[in-house]
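Just so it is clear, the structure is predicted and the values come from calculations on it, not from any experiment. Below, each value reflects all heavy atoms present in this structure, side chains not excepted, and no hydrogens, waters or symmetry copies.
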Amino acid sequence: MLAWMIYAALVALALCAAAVLAEEALRARRMPTRWPWIIAMALSLLLPVGMAMVPPGAPEAHASAPATATAALHTKAAIPLASAVIDWSGARPYTSSAPVNLVLKDLWFASSITLLLFLGVSTTLFHRRKRGWATGQVCDVPVLVSPDVGPAVVGLMRSRIVVPAWVLQESAAQQRYVMAHEQSHLNARDPLLVATALVLLGAMPWNPLLWWQCHRLRRAIEVDCDARVLRGGGDIGDYCETLIQVGQNQSEYMGAVTAMSESRSFLEQRIRIMLSKPRKWAGAFAFVLISLAIGMAVFAAQVTPPAASTPPTPGTVAIDPALLDAYTGEYRLSDYSLVTVARRGDVLTVAPIGQFMAQGVIDAPTLSDTEFSIPSIDAKLTFAKGANGHGSAMDVYIHGWLVATADRVDEATAEQIRRDLVAHVKNQVAFPNSEKALQLILNNQYDAAMMSHYAKGGPGDPDSQKDYYARLGPVESYKFEGVTDYGWDIYDVQHAHGAQQVFIQMDKNGLMVSSVKRRQ
């Protein structure tokens, strides 16, 4: 839960940057600036929730790496954010405990209810006060006249303009500007926009970046309203004088109400915006900023949500905890890949390193005395026992297909695998024979002589692979891009009709352990 909340905050941060850039670009082009902020608020809520809930599709796979849901998630998001922080030098990973997750969920629920109750009570009290306000007319427009509230627009379904009593004593010119401003809010349906923002805020009130986005939205609404008044023929000098007069008679704070009066510092900013001259290269400046804003929005969409722990699946059984202890230990998947099996209560956990398809600490519910499942990637682990009664090897099945047999190793060997993985990632040098393996993959060939003894199975469905490459067309070029954080060589491949990334893992003898293809 904590990891997901951090992920949601990072997504909101990237969207904040995108909205700031988009706002500056739209302002340079004299266009409405409130839309980037309401979009940022909506995406800050929908992206984290959607990425965590929508089942992903599957990538194309080769050799011993079949398509899985977890791998598919990584194909859609190029910037991984693990739910556990793993020290590749060998330190144990950590995750939020169940009590902490429960407390966080309770705090989330309580904060949402508190905010909604506050808004409800404030609205009720406000409408009770409104009953005592007199009715009147300003510039032939029916208004509510209050002692100390306004100028503002009140009400959501049947919005009304409310003005403080002192406005009735001002000049006709200032009254016209006050009414033009508030009528502009009504015409643009700004009260509905503010209400939408508050609903989004109420769904995730613990996120401070969402509050800041709401604050910037409120300011953008006022700036847009100023621009509409001036485009309607208002004199900028007289209008600014009216704003200053309203600011000097600061009304009572009204929360969700769209009001003409704001803080004095923001009033000065609004005046500077209205007095600013168009940039000489406004079009080019706006284009650059919009490009950067789109880039930040794409970045936000590509951040991978943390892997959620999966509850035990139906059909799981309880076995003797001593039997679980017999399986705990280190199991080698390859020269650069390792699985740490541990026990947490009555459940085994697995923590792989050097694997494309699963990261972090994952619960493995019990299916039988020797079989355990990983529902999130449709995997099954089957243990074999040695003469001493402890686990000697672990078969890994994904979608019912045997993809690896991991032998149990001692701690010294496991530590060496960790060091080799760290060195490979740090050096950013391709595996031996990595490019030769790439050629076999691109030619859709299966060469048993090039396969490591760690690899299991064959090339998958040859017909589907043939169709896959037929759609991409002939290879035009490829380039080694480096080594991923999980220790896989990555190649960018350009085809005549598209592009793909190929991830390859080899052993120390230059034989291929596994590969995964990802269409771009």
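Separating the OG1 atom in T349 from the CD1 atom in I374 is a distance of 10.0 Å, to the nearest 0.5 Å. Here the CG-OG distance, from L117 to S112, works out to 10.5 Å after rounding to the nearest 0.5 Å. Between atom CG of residue D226 and atom CE of residue M274 there is a gap of 4.5 Å, rounded to the nearest 0.5 Å. Taken from CG in L209 to NE2 in H215, the straight-line distance is 13.0 Å, to the nearest 0.5 Å. The CG atom of D492 sits 4.5 Å away from atom CD of Q501, with the distance rounded to the nearest 0.5 Å. Of the inter-residue distances, the one linking Y397 atom OH with E371 atom CD reads 8.5 Å to the nearest 0.5 angstrom.
Counting heavy atoms from C-beta on, the side chains of D346 and P321 come closer than 4.5 Å. By the 4.5 Å heavy-atom criterion applied to side chains, V121 and F126 are not counted as neighbours. Taking the side chain as every heavy atom from C-beta outward, E330 and I417 never approach each other to under 4.5 Å. Proximity of E222 to H181: side-chain heavy atoms (C-beta onward) are separated by under 4.5 Å at one or more points. By the 4.5 Å heavy-atom criterion applied to side chains, L381 and F383 are counted as neighbours. When side chains are defined from C-beta on, W488 does not count as touching V513, because their heavy atoms never get closer than 4.5 Å. The closest side-chain heavy-atom distance from N187 to Q183 is below 4.5 Å. Under the 4.5 Å side-chain criterion, counting only non-hydrogen atoms from C-beta, R519 is in contact with Y468.
More than 12 non-hydrogen atoms from other residues, nucleotides or ligands lie less than 6.0 angstrom from CZ of R30.
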- Message: Is there a side-chain contact (heavy atoms from CB on, under 4.5 Å) between L442 and V493? Walk through the geometry before answering.
- Response: CA-CA 9 Å; L442 296 180; V493 184; 4.0 Å; yes
- Task: Let me see the working for R27 and E24 under salt bridge (Lys or Arg N to Asp or Glu O under 4.0 Å), right down to the final yes or no.
- Result: CA-CA 5 Å; R27 185 174 296 161; E24 288 298 321; 3.5 Å; yes
- Stepwise side-chain contact (heavy atoms from CB on, under 4.5 Å) test for R418 and T340: CA-CA 11 Å; R418 294 188 183 99; T340 300; 3.6 Å; yes
- Task: In sequence, state the C-alpha distance, the side-chain angles, and the governing distance for R344 and D363, and then conclude on side-chain contact (heavy atoms from CB on, under 4.5 Å).
- Result: CA-CA 9 Å; R344 183 166 57 198; D363 287 345; 2.5 Å; yes
- Residues F503, Y486; criterion side-chain contact (heavy atoms from CB on, under 4.5 Å); working and verdict: CA-CA 10 Å; F503 300 81; Y486 309 133; over 6 Å; no
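Of all heavy-atom pairs spanning L210 and L200, the tightest one is CD2-O, 3.6 Å. The nearest pair of heavy atoms linking L217 to R34 is CD1-O, 3.4 Å. For the pair V425 and D485, the tightest heavy-atom approach, listed with the atom from each and the gap, is CG2-O, 3.9 Å. The heavy-atom pair separating W206 from W4 by the smallest distance is CZ2-CZ3, 3.9 Å. Nearest approach of L115 to G202, heavy atoms of both residues: CD2-CA, 3.6 Å. Contact between N207 and A8 at its shortest, heavy atoms only, is ND2-O, 3.9 Å.
The backbone N or O of G473 sits less than 3.5 Å from a side-chain atom of H495, completing a donor-acceptor pair. Side chain of S122 to backbone of L119: no donor-acceptor contact under 3.5 angstrom is found. Of the possible polar contacts, none joining the W37 side chain to the C214 backbone as a donor-acceptor pair under 3.5 Å is found. Of the possible polar contacts, none joining the D378 side chain to the I398 backbone as a donor-acceptor pair under 3.5 Å is found.
Between the side chains of S184 and R228, a donor-acceptor pair is found at a separation under 3.5 Å. For the residue pair D395 / T405, a side-chain donor-acceptor distance below 3.5 Å is found, with atom types taken as modelled.
Less than 6.0 angstrom separates the ring centroid of Y327 from the ring centroid of F372.
Applying the side chain to side chain contact (heavy atoms under 4.5 Å, CB included) criterion to K130, with sequence neighbours excluded, gives H127, W133, L144, V154. Scored by the ring-ring contact (aromatic ring centres under 6.0 Å, His included) test, W35 finds no partners at all (sequence neighbours excluded).
Annotation: side-chain hydrogen bond (donor to acceptor under 3.5 Å, both in side chains) contacts involving residues 38-49, sequence neighbours excluded, comprise S44-Q213.
When each of H424, Q505, Q428 is tested with D489 by the rule side-chain hydrogen bond (donor to acceptor under 3.5 Å, both in side chains), just one qualifies, namely H424.
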